[in-house]
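Okay, structure first, notes after.
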Protein chains: 2
Amino acid sequence: MSDDLASRLREKGLRLTPQRELILRAVEELRHATPDEVLVHVRAQASSVNASTVYRTLEVLEELGLVRHTHLSDRAPTYHSTLEHEHVHVVCRRCHSVRSYDPDLVAPLVAALGEDGFSVDVGHLAVFGTCADCAASSSRSPGIRETGRRGQPT
Amino acid sequence: MSDDLASRLREKGLRLTPQRELILRAVEELRHATPDEVLVHVRAQASSVNASTVYRTLEVLEELGLVRHTHLSDRAPTYHSTLEHEHVHVVCRRCHSVRSYDPDLVAPLVAALGEDGFSVDVGHLAVFGTCADCAASSSRSPGIRETGRRGQPT
DNA sequence: TTCAGTGCAAAGCGTTTGCAGGGTG
DNA sequence: CACCCTGCAAACGCTTTGCACTGAA
């Protein structure tokens, strides 16, 4: 896995640096993290790593196919390791819970679009809506605006 | 439709202003527009309207159920009128084309999640991937990065 | 006449970029 | 010892916010 990093970097004439190892490890450990969360996590272990390095590295790691991202909120994107099985994200706009589903969930969608020659990026998919709990108690999650300006998923 | 605006505003003790009419009309006419595009369009017709008014108004219009938004790119969100039939957006990351599909497309997905008590917001859904044309000619769309930093859909 | 709505300007957040110095291969 | 990578700081794009004024009801 980290060896994977080394070899994949080499293949493209890129270099293995402590920062890149740390950032990849952070994404793997956090499982779902924004660039900023990655930064915080990395800084907790090693001393100084710069925000721009995190952005640049996440881009590289994504090109290498070691991490992926989705948009689970209106703010920062969320990165996760490709070591995890590919999954579809289902997000409740009310309580902001995120559940992961097997790609089977969207097999019919993938098939239907496939007939048009369109190939769906399943891992990137985020489905928004309202979860069971929140539908039940409409008084839940105090202070979260329905239409939501800046902040959580919209 | 604009009468709709007047009445819906009144119901909530809000006021009907020229800006609100203009902005709603702009969204309807542009069919799919970012806040900035709305601003430009409105300014073309009427004189000065402020950007912050556009943001505040789009929020109000969405609360009133007159417009909706999706995220078709990493940059600004896209607004459309609810007068249009609800539709699912399918976006090619390569050439950035956007196609609208009938909600039927995701009926199985909606049904599956429905069993868990989750209610999908179909109109908000954006499916990313690669369209037939782009899959065919992998040399297409010069200068567009695959992983794409800032810019189009990611 | 009241209070919602607007314009303006400044701030905020997440992200990108130019550059010079540092470290990997 | 090339050249990739990093840190730093400034800039950027989009959005939000505070405030005083304006105008809809």
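Just so it is clear, the values below take in all heavy atoms, side chains as well, and ignore hydrogens, waters and symmetry mates. Letters A, B, ... mirror the listed sequences (proteins, then strands); counts begin at 1.
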When the distance from [atom1] of [X] to [atom2] of [N] is rounded to whole Å, what number comes out?
{"X": "A:L39", "N": "D:dC8", "atom1": "CG", "atom2": "P", "answer": "11 Å"}
{"X": "A:E21", "N": "D:dC5", "atom1": "CD", "atom2": "P", "answer": "14 Å"}
{"X": "A:L64", "N": "D:dC4", "atom1": "CG", "atom2": "C1'", "answer": "14 Å"}
{"X": "A:E37", "N": "C:dC13", "atom1": "CD", "atom2": "P", "answer": "15 Å"}
{"X": "A:D74", "N": "C:dC13", "atom1": "CG", "atom2": "C1'", "answer": "13 Å"}
{"X": "B:L5", "N": "D:dA25", "atom1": "CG", "atom2": "P", "answer": "10 Å"}
{"X": "B:R56", "N": "C:dG7", "atom1": "CZ", "atom2": "C1'", "answer": "8 Å"}
{"X": "A:I23", "N": "D:dC5", "atom1": "CD1", "atom2": "P", "answer": "12 Å"}

Given C:dG18, D:dT16, D:dT15, identify the nucleotide with an atom nearest to the side chain of B:A76.
D:dT15

Is the side chain of [X] donor-acceptor paired with the backbone N or O of [Y] at a distance under 3.5 Å, no angle test?
{"X": "A:H96", "Y": "A:R93", "value": "yes"}
{"X": "B:R68", "Y": "B:T82", "value": "no"}
{"X": "A:R43", "Y": "A:V49", "value": "yes"}

Given [N], is OP1 or OP2 found less than 4.0 Å from the side-chain N or O atoms of [X]?
{"X": "A:Y55", "N": "C:dT15", "answer": "yes"}
{"X": "B:R75", "N": "D:dG13", "answer": "no"}
{"X": "B:Q19", "N": "D:dG23", "answer": "no"}
{"X": "B:N50", "N": "C:dC8", "answer": "yes"}
{"X": "A:T53", "N": "D:dG7", "answer": "yes"}

Electrostatic pair A:E21:A:R25 at N-O distance under 4.0 angstrom
no

Euclidean distance, A:T34 OG1 relative to A:R75 CZ, rounded to 0.5 Å:
10.5 Å

Axis deviation across the helix from C:dT1-D:dA25 to C:dG25-D:dC1, five-pair ends, to the nearest 10°
30°

Given A:V91, which of A:T130, A:V98, A:V127 fulfils the side chain to side chain contact (heavy atoms under 4.5 Å, CB included) condition?
A:V98

So, using side-chain contact (heavy atoms from CB on, under 4.5 Å) as the criterion, who are the partners of B:A112 when residues are at least two apart?
A:L105

Counting only distance, no hydrogens or angles, is the base of C:dC8 paired donor-acceptor with the side chain of B:S52 under 3.5 Å?
yes

Heavy atoms under 4.0 Å, any strand shown: does A:T34 hit a base, just sugar-phosphate, or nothing?
nothing

Result of checking B:H85, B:H124, B:H32 against B:H80 for ring-ring contact (aromatic ring centres under 6.0 Å, His included)
B:H32

Take the angle between the ring planes of B:H69 and B:Y79 and call it parallel below 30°, perpendicular above 60°, tilted in between.
tilted

Identify each atom pair where a protein N or O and an N or O of nucleotides 21-25 of chain C are less than 3.5 Å apart, giving names and distance.
| from | atom 1 | to | atom 2 | distance (Å) |
| --- | --- | --- | --- | --- |
| C:dG23 | N2 | A:R15 | NH1 | 2.2 |
| C:dT24 | O3' | A:L16 | O | 3.3 |
| C:dT24 | O2 | A:R15 | NH1 | 3.0 |
| C:dG25 | OP1 | A:L16 | N | 3.1 |

Between B:A51 and B:G13, name the one whose nearest nucleotide on DNA chain C is closer to the 5' end.
B:G13

Do B:L64 and B:L24 sit in one hydrophobic cluster, given that two such residues count as connected whenever their side-chain heavy atoms are within less than 4.5 Å of each other, even indirectly?
yes

